[in-house]
Amino acid sequence: MIFVKTEEEIDLMREPCRIVRDCLNFVGERIAAGMTTEEVDKLVYDFIKASGAEPSCLGYCGYPASACVSVNEVVVHGIPDGRTLQEGDIVSVDLCAYKNGFHGDGARTFCVGKVDAESEKLVRVTEECFFKAIESLHEGTPLGDIGYRVQQHAEANGFSVIRSYTGHGIGREMHEDPTVANYGKRGTGVRLKAGTVLCIEPMIAAGGWKVKILDDGWTAVTQDKKRAAHYENTLVIRESGVEILTL
Ligand code: MF3
Ligand code: CO
């Protein structure tokens, strides 16, 4: 069931979403070669706590950290550890904050120093996929149009769309209906109502879309070991467009 939020509820969501936005910017300014992914997680934990919010990911289904820190061929759910970031890596940071009874959720892929041309393009195109998806998104748009637009843009650039992870509704729970696939057919699915709050999060791979989960039960890597990128914002469907809460 898709919950349509009231303006009061949306107002309550602004703060956790702003914290997610600010935390992603804060981390992005500090990411550098030589840092461990655990140090990135510590930045996230401290920032969210200092903002008076809770890191929603910590303990979620047993997840052991505040952020997912996914390097190169890790698509999502990279568990922070002693791995050191190297010049030329790309690193996706995905985090959620809980405050006022609501969650905010966002992700960015950062480049560590100078990266190769394909990685740079992958990061750029993944971000563009998000903006293509929202270009003509408003009340009444069929849900399938989102995935269609992401897929079109990714494949037109020679990349592939990760299938086994999706965007989602968000609110009092971190994951609510509907499931927001990053591939699909135009004109299919429910017509979105104004006041629906969604996380749209393209996960795009430089090679094939198949992933496997490592023995830790979380870390999702591409089967062909090619790199992947991730870009996510929480947004509200409005009468004539969208309002992004994490930008
Ligand atoms: N923030 C992720 C999302 O985009 C969820 C992370 S799973 C967790 O939906 F276990 F790390 F919380
Ligand atoms: Co999400």
Side-chain angles (χ1 to χ4, degrees), residues 2-3 5 13 16-24 27-28 37-38 40-45 47-49 53-71 74-81 91-99 102-110 126-127 129-130 133-134 137 143 146-147 150 161-183 196-205 211 213-221 228-237 242 244-247:
I2 303 176
F3 300 111
K5 271 76 178 176
M13 292 190 75
C17 288
R18 213 155 39 217
I19 292 166
V20 166
R21 173 199 68 188
D22 292 346
C23 187
L24 287 166
V27 168
T37 56
E38 240 157 29
V40 174
D41 184 63
K42 174 94 164 69
L43 287 178
V44 170
Y45 177 85
F47 188 99
I48 292 176
K49 283 294 209 178
E54 292 301 322
S56 322
C57 290
L58 188 59
Y60 177 82
C61 298
Y63 188 76
S66 303
C68 299
V69 186
S70 307
V71 184
V74 181
V75 182
V76 285
H77 300 170
I79 298 177
D81 60 13
V91 54
S92 304
V93 179
D94 184 1
L95 56 98
C96 296
Y98 181 76
K99 194 170 185 182
F102 288 89
H103 297 272
D105 185 2
R108 306 280 181 264
T109 300
F110 301 112
T126 302
E127 198 172 312
C129 282
F130 170 85
I134 65 164
L137 183 58
L143 181 61
I146 296 173
V150 169
V161 170
I162 301 296
R163 310 288 207 259
S164 42
Y165 297 91
T166 65
H168 49 91
I170 187 169
R172 294 188 189 277
E173 302 293 335
M174 184 161 72
H175 294 136
E176 296 183 355
D177 284 339
T179 291
V180 184
N182 291 307
Y183 61 96
T196 304
V197 183
L198 297 179
C199 291
I200 297 182
E201 48 180 314
M203 287 153 267
I204 306 299
V211 303
I213 315 267
L214 301 187
D215 288 339
D216 60 25
W218 284 101
T219 312
V221 300
H230 184 197
Y231 184 84
E232 172 178 27
N233 283 305
T234 301
L235 57 83
V236 190
I237 303 293
V242 299
I244 303 174
L245 299 178
T246 50
L247 273 187

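Indexing begins at 1, ligand by ligand and atom by atom, following the structure's order. Here, residue 1 is the first one in the sequence, and each next residue gets the next number. None of these values were measured; they are calculated from a predicted model.
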- Counting each atom of ligand 1 from 1 as listed, which ones have a heavy atom of Met174 under 4.0 Å away? 12 (F)
- Message: So which atom in Cys17 and which in Leu245 form the shortest heavy-atom distance, rounded to 0.1 Å?
- Response: CB-O, 3.3 Å
- Among non-hydrogen protein atoms, atom 9 (O) of ligand 1 lies closest to His175 NE2, 2.7 Å
- Query: Looking only at side chains, do Ser92 and Ser70 share a donor and an acceptor under 3.5 Å apart?
  - Reply: no
- Message: Testing the basics here: between Val91 and Val71, what is the closest heavy-atom pair and its distance to 0.1 Å?
- Response: CG2-CG2, 4.1 Å
- Report yes if some N/O of Asp105 lies less than 3.5 Å from some N/O of ligand 1; otherwise report no. yes
- Message: As an exercise, identify every atom of ligand 1 less than 4.0 angstrom from a heavy atom of Glu201.
- Response: 3 (C), 4 (O), 9 (O)
- Message: Check for me: within less than 2.8 Å of the Co ion (ligand 2), which protein N/O/S atoms show up?
- Response: Asp105 OD2, His168 NE2, Glu201 OE2, Glu232 OE2
- Item | For Glu201 against Gly167, the heavy-atom pair lying closest together | CG-CA, 3.6 Å
- Item | Pair Glu54 + Lys49: basic N to acidic O under 4.0 Å | yes
- Query: Between Tyr165 and His230, is the gap from one ring center to the other below 6.0 Å?
  - Reply: no
- Query: Considering distance alone, does some N or O of His168 sit under 3.5 Å from an N or O of ligand 1?
  - Reply: yes
- Closest non-hydrogen atoms of Ala97 and Ile19, given as atom of the first, atom of the second and distance, are CB-CG2, 4.1 Å
- Query: Of the protein's non-hydrogen atoms, which lies at the shortest distance from atom 1 (N) of ligand 1, and what is that distance?
  - Reply: Asp94 OD1, 3.0 Å
- Message: Which residue and atom name correspond to the protein heavy atom nearest atom 11 (F) of ligand 1, and how close is it?
- Response: Cys68 SG, 3.3 Å
- Query: Between the side chains of Thr234 and Asp105, is a donor N or O closer than 3.5 angstrom to an acceptor N or O?
  - Reply: no
- Query: So which heavy atom on Lys99 is nearest to which on Ala53, and how close?
  - Reply: CB-CB, 4.0 Å
- Message: Heavy-atom distances under 4.0 Å decide this one: backbone, side chain, both or neither, for Cys57 against ligand 1?
- Response: both
- Item | atom 7 (S) of ligand 1: the protein heavy-atom neighbour that sits closest, reported with distance to 0.1 Å | His77 NE2, 3.6 Å
- Check if Trp218 has a non-hydrogen atom at a distance under 4.0 Å from any atom of ligand 1. yes
- Message: Out of all atoms in ligand 1, which are within 4.0 Å of some heavy atom of Cys96? Include the element for each.
- Response: 1 (N)
- For Ser66 and Asp41 the tightest heavy-atom approach is N-OD1, 2.9 Å
- Task: Would you please classify the geometry between the Tyr98 ring and the His103 ring as parallel, tilted or perpendicular, with 30° and 60° separating the classes?
- Result: tilted
- Note on the structure: Note: ligand 1 atoms sitting under 4.0 Å from heavy atoms of Tyr60 are 8 (C), 10 (F), 12 (F)
- Message: Once side chain to side chain contact (heavy atoms under 4.5 Å, CB included) is applied, do any residues pair with Arg163, and if so which ones, sequence neighbours excluded?
- Response: Gln151, Glu155, Val161, Tyr183, Trp209
- Task: May I ask you to list the atoms of ligand 1 that are less than 4.0 angstrom from any heavy atom of Glu232?
- Result: 4 (O)
